[in-house]
Amino acid sequence: MVTRRRLPRAFFERPTLQVARQVLGQRLVRLEPEGGRLAGLIVEAEAYVGSEDLGCHARAGRTARNASMWGPPGHAYVYFTYGMHWMLNLVTEREGFPAAVLVRALLPTEGVEVMRRRRRGRPERELTDGPAKICQALAIDRELDGHDLCNPDSRLFLEAGPGVPEQAVTTGPRVGLNSVAEPWKSIPWRFQVRPEYIPSLAEEEQTP
DNA sequence: AGCACGATTAACT
DNA sequence: GTTAATCGTGCTC
């Protein structure tokens, strides 16, 4: 049974590690201007926590690019990197403290054909299995940086999904921090749904 | 004004 | 396993 309760700001206004864990199995929804609805269950996320975290963009202080991370929780922090890719983060904790959860992978559930077109005909398993792929499939870019995910009129938001039990979650070091100093490089702030659990997630998501 | 680099991806050996 | 693609950003001169 697919329910459509939007996650409230209180969900995001918590310690970032909790949000990164709890966001697994929740539904990311993108409403298209034409009226279409794209959605997927979050199956991988990472926590980036404060200016002390040398893996976090906030390490160098507040800049025009990372300003959204200092803003209120429940907003999007969308940034551009590698000259071609956009990344979606969910801002967490209290306003004034820079922290966010990077959404790294989704199980696509609604609007798959639209996603496939945006992803240039790639197979379904490659539609949203990376942070930049998600932004491509869901048409997320700079326009959505700072966007309030909890506003009722928002075209990008989270809905309460089935969630995942503890035994279905694995943790490990965050990806792509190759030149970052320890302990930040190896600290296990990456949260993933175990691949073998994903079929049952997909099953729970089906509408009777 | 110039420059090194990046929370990645796709293609290739 | 390796590497090119591609450019906004933030730092230095």
Side-chain angles (χ1 to χ4, degrees), chain A residues 12 15-24 26 28 30 40 42-71 73 75-93 97-108 112 115-147 149 156 158 169-193 195:
Chain A
F12 303 96
T16 307
L17 292 183
Q18 283 185 33
V19 179
R21 162 63 185 87
Q22 294 297 321
V23 84
L24 298 179
Q26 312 301 334
L28 179 67
R30 174 75 166 122
I42 297 175
V43 294
E44 182 180 350
E46 289 174 352
Y48 290 86
V49 191
S51 301
E52 308 301 305
D53 175 4
L54 295 182
C56 181
H57 289 164
R59 67 186 174 277
R62 185 174 181 153
T63 66
R65 181 206 202 195
N66 65 24
S68 296
M69 265 200 292
W70 271 263
H75 286 236
Y77 165 41
V78 179
Y79 70 88
F80 185 72
T81 191
Y82 291 107
M84 63 192 98
H85 299 309
W86 294 95
M87 308 276 160
L88 170 68
N89 296 255
L90 314 171
V91 176
T92 58
E93 315 222 16
F97 183 86
V101 169
L102 172 68
V103 182
R104 287 195 60 90
L106 302 179
L107 170 68
V112 174
M115 294 189 206
R116 190 195 299 280
R117 177 154 33 86
R118 293 230 177 87
R119 293 279 300 127
R120 322 212 89 199
R122 296 199 164 270
E124 182 159 344
R125 66 168 299 115
E126 294 175 26
L127 295 182
T128 54
D129 62 338
K133 299 179 190 180
I134 291 172
C135 290
Q136 208 178 323
L138 302 189
I140 294 167
D141 62 17
R142 147 159 266 143
E143 273 186 41
L144 289 169
D145 183 36
H147 192 80
L149 307 171
L156 181 69
L158 268 74
V169 177
T170 54
T171 62
R174 295 172 293 181
V175 178
L177 304 190
N178 306 308
S179 59
V180 171
E182 299 290 2
W184 311 110
K185 181 176 176 174
S186 302
I187 198 164
W189 286 357
R190 178 192 195 191
F191 298 82
Q192 281 183 279
V193 176

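Lettering follows sequence order; numbering is per chain, from 1.
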Open item on the list: When you measure from the side-chain N and O atoms of A:Lys133 to the phosphate of B:dA10, is any distance below 4.0 Å, counting only OP1 and OP2?
Closed with: yes
Open item on the list: Rounded to whole Å, how long is the line connecting atom CG of A:Leu102 with atom P of B:dG6?
Closed with: 16 Å
TODO: Mind checking A:Arg120 for me? I need base, sugar-phosphate or nothing, with any heavy atom below 4.0 Å counting as a touch.
DONE: nothing
- [ ] Using a 4.0 Å heavy-atom cut-off across all strands, classify A:Arg65 as base, sugar-phosphate, or nothing.
- [x] sugar-phosphate
Task: 4.5 Å side-chain heavy-atom contact, A:Leu102 and A:Tyr48 - done: yes
Open item on the list: Tell me the closest heavy-atom pair linking A:Gly71 and A:Val91, and the distance in Å.
Closed with: O-CG1, 3.8 Å
TODO: Have a look at A:Gly176 and say if it touches a base, only the backbone sugar-phosphate, or nothing, with a 4.0 Å heavy-atom cut-off.
DONE: sugar-phosphate
TODO: Under 4.0 Å between any heavy atoms, over every strand shown, what does A:Arg119 touch: base, sugar-phosphate, or nothing? Just pick one.
DONE: sugar-phosphate
Task: Nearest-Å distance for atom pair CE/P, residues A:Met87 and C:dT6 - done: 16 Å
Task: Assigned partner base of C:dT12, Watson-Crick or wobble definition, under 3.5 Å - done: B:dA1
Task: A:Phe80 ring over C:dG8 six-membered base ring, under 5.5 Å and 30° - done: no
- [ ] Both distances under 3.5 Å, Watson-Crick or G-U wobble: report the partner of B:dA7, or none.
- [x] none
Task: Close side-chain approach of A:Leu88 to A:Leu28, heavy-atom, < 4.5 Å - done: yes
Task: Basic-acidic side-chain contact under 4.0 Å: A:Arg174, A:Asp53 - done: yes
TODO: Specify the separation, in whole Å, of atom CD of A:Gln192 and atom C1' of B:dA7.
DONE: 14 Å
Open item on the list: From CE of A:Met84 over to P of C:dA5, roughly how many Å is that when rounded to an integer?
Closed with: 9 Å
Open item on the list: Please report the distance, rounded to the nearest Å, between CZ in A:Arg104 and P in B:dT9.
Closed with: 7 Å
Open item on the list: Could you tell me how far apart A:Arg174 (CZ) and B:dG6 (C1') are, to the nearest whole angstrom?
Closed with: 15 Å
Open item on the list: Strictly below 4.0 Å: does A:Thr81 bring a side-chain N or O up to OP1 or OP2 of C:dT9?
Closed with: no
- [ ] In plain terms, say whether A:Arg104 and A:Glu46 are close enough for a salt bridge, that is, a side-chain N and a carboxylate O under 4.0 Å apart.
- [x] yes
- [ ] Find which nucleotide of DNA chain C each of A:Arg142 and A:His85 is nearest to by heavy atoms, and output the residue with the more 5' nucleotide.
- [x] A:His85
Open item on the list: Using a heavy-atom cut-off of 4.0 Å across all strands, would you classify A:Arg122 as base, sugar-phosphate, or nothing?
Closed with: sugar-phosphate
Open item on the list: Tell me the interatomic distance from A:Arg190, atom CZ, to B:dT8, atom C1', rounded to whole angstroms.
Closed with: 13 Å
Open item on the list: Please report the distance, rounded to the nearest Å, between CG in A:Asn178 and C1' in B:dA4.
Closed with: 16 Å
Open item on the list: Between the base of C:dA5 and the side chain of A:Tyr82, is there a donor and acceptor pair under 3.5 angstrom?
Closed with: no
